[in-house]
J.: 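For reference, the structure I am asking about is given below.
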Amino acid sequence: MSQRHAPSRAALTALTALAPVSWGTTYAVTTEFLPPDRPLFTGLMRALPAGLVLLALVRVLPRGAWWWKAVVLGALNIGAFFPLLFLSAYRLPGSMAAVVGSAGPLLVVALSALLLGQRPTVRSVLTGVVAAFGVSLVVLKAAGALDLIGVLAALAATASMSAGTVLTQRWGRPEGVGPLALTGWQLTAGGLLIAPLALLAEGAPPALDAPAAGGYLYLALANTAIAYWLWFRGIGRLTATQVTFLGPLSPLTAAVIGWAALGEALTPLQLTGMALAFGATIAGQITRRPGPDRTEDRLGVPADRLGVPEGGTHAGGPSPARRRRVPARRSSHAG
């Protein structure tokens with residue numbers, strides 16, 4: 001029954017892809033509606049309210065080792081990533097800042113080999129190189145001088161998110177805990193890590209007008225709570241490499257918004273780089289179909305370390321081991 005209700009691979013991939021598409025709007029919202037030069041406060045307002053709302057909905061707290069795991073994942077995926085992301089958004093054009101993030105697949109391929117024991121395939125490495133090359137076409141040939149701090153912040157944000165993606169798959173979820181609770185833990189932990197830094201570095205919160213309040217509301221709910229739930233849900237069911245190759249959809253979205261709504265110019269060479277990044281996204285979803293006993297090889301970690309997925313445990317009913325014990329019990333009574 002769980003198989004019947006489980007989404008197809010294409011549907012799951014499409015739903016997960018909505019997360020980076022949503023994140024591609026972050027740069028336009030930040031530069032057009034939010035107070036200037038407040039990357040820490042903006043990261044805080046995006047993470048902590050969303051995390052608290054999710055915790056109020058699920059009412060599940062971490063237990064045991066998951067307290068420190070939630071802090072580590074919250075720091076990588078939220079606490080470090082958000083401030084670096086917004087710092088780059090304030091200092092770079094939207095299309096450029098987001099495209100730097102498409103170098104993430106190559107980092108995830110390397111980290112998956114180190115932390116998940118997944119040996120990189122030639123195709124995954126080449127696909128990652130193509131994505132990185134597309135980034136270089138956009139960033140290195142962009143019109144005007146690039147801000148070095150902005151570029152470094154964007155690269156550091158990409159590295160932090162890549163490490164968080166791989167560790168999220170390595171650790172999975174506790175038994176009986178869904179992706180909504182895991183998302184709430186990380187957003188809350190990350191927001192609490194950002195809060196003291198924002199207060200010390202940026203002082204009291206700025207006064208907010210109606211556009212800024214609406215921008216923060218959008219970032220907290222649609223752009224963060226819902227998007228990260230879809231993202232972590234996808235990580236639990238797809239490989240880390242597949243999920244991260246959806247990342248180039250964020251810069252593509254940002255580039256389209258920058259060109260259509262913000263008047264940012266795109267050269268033919270930049271368009272070529274974006275086409276390569278989109279091609280890498282498609283190629284990253286093509287995987288070898290695993291056999292029935294290749295769960296560990298497909299996911300990179302043993303199935304029992306991924307936590308119980310939504311909708312049940314073993315798809316299709318009792319496990320094979322349980323079915324084998326029934327005839328054995330009958331034969332002992334018949335003897």
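Index from 1, following the sequence. Basis for what follows: all heavy atoms, side chains included, without hydrogens, waters or symmetry-related copies.
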J.: If every non-hydrogen atom of Ala50 is compared with every non-hydrogen atom of Leu187, which pair is closest and at what distance?
T.: CB-CD1, 3.9 Å
J.: Applying side-chain contact (heavy atoms from CB on, under 4.5 Å), run through Met45 and Leu219 and close with a yes or a no.
T.: CA-CA 8 Å; Met45 290 298 293; Leu219 289 180; over 6 Å; no
J.: Atom CD1 in Ile194, atom CZ in Arg46: separation rounded to 0.5 Å?
T.: 9.5 Å
J.: For Phe33, does the CZ atom sit with more than 12 other heavy atoms under 6.0 Å from it, leaving out its own atoms?
T.: no
J.: Can you tell me how far apart CZ (Arg170) and CG (Leu114) are? Round to the nearest 0.5 Å.
T.: 9.0 Å
J.: Step by step, would you call Tyr228 with Arg233 a side-chain contact (heavy atoms from CB on, under 4.5 Å)?
T.: CA-CA 8 Å; Tyr228 270 88; Arg233 181 173 177 266; over 6 Å; no
J.: Run the ring pair (Phe, Tyr, Trp, His ring centres under 6.0 Å) test on Phe81 and Trp23 for me, step by step, so that the C-alpha distance in whole Å, both residues' side-chain angles and the decisive distance to 0.1 Å come before the verdict.
T.: CA-CA 12 Å; Phe81 175 68; Trp23 297 335; 7.2 Å; no
J.: Please check this pair: side chain of Thr25 against backbone of Val21, looking for a donor-acceptor N/O pair closer than 3.5 Å.
T.: no
J.: Do Trp185 and Trp68 sit in one hydrophobic cluster, given that two such residues count as connected whenever their side-chain heavy atoms are within less than 4.5 Å of each other, even indirectly?
T.: yes
J.: Decide yes or no on side-chain contact (heavy atoms from CB on, under 4.5 Å) for Val151 and Ser88, but give the supporting numbers first.
T.: CA-CA 7 Å; Val151 172; Ser88 67; over 6 Å; no
J.: Quick one: pull up OG1 in Thr168 and CG in Leu73 and give me the separation to the nearest 0.5 Å.
T.: 4.5 Å
J.: For Gly191 versus Ile78, what's the shortest heavy-atom pair and its separation?
T.: N-CG2, 4.3 Å
J.: Is the ring pair Phe41/Tyr216 parallel, tilted or perpendicular, if the boundaries are 30 and 60 degrees?
T.: perpendicular
J.: The test is side-chain contact (heavy atoms from CB on, under 4.5 Å); show your working for Arg9 and Leu238 and say whether it passes.
T.: CA-CA 8 Å; Arg9 174 62 59 86; Leu238 302 169; 3.2 Å; yes
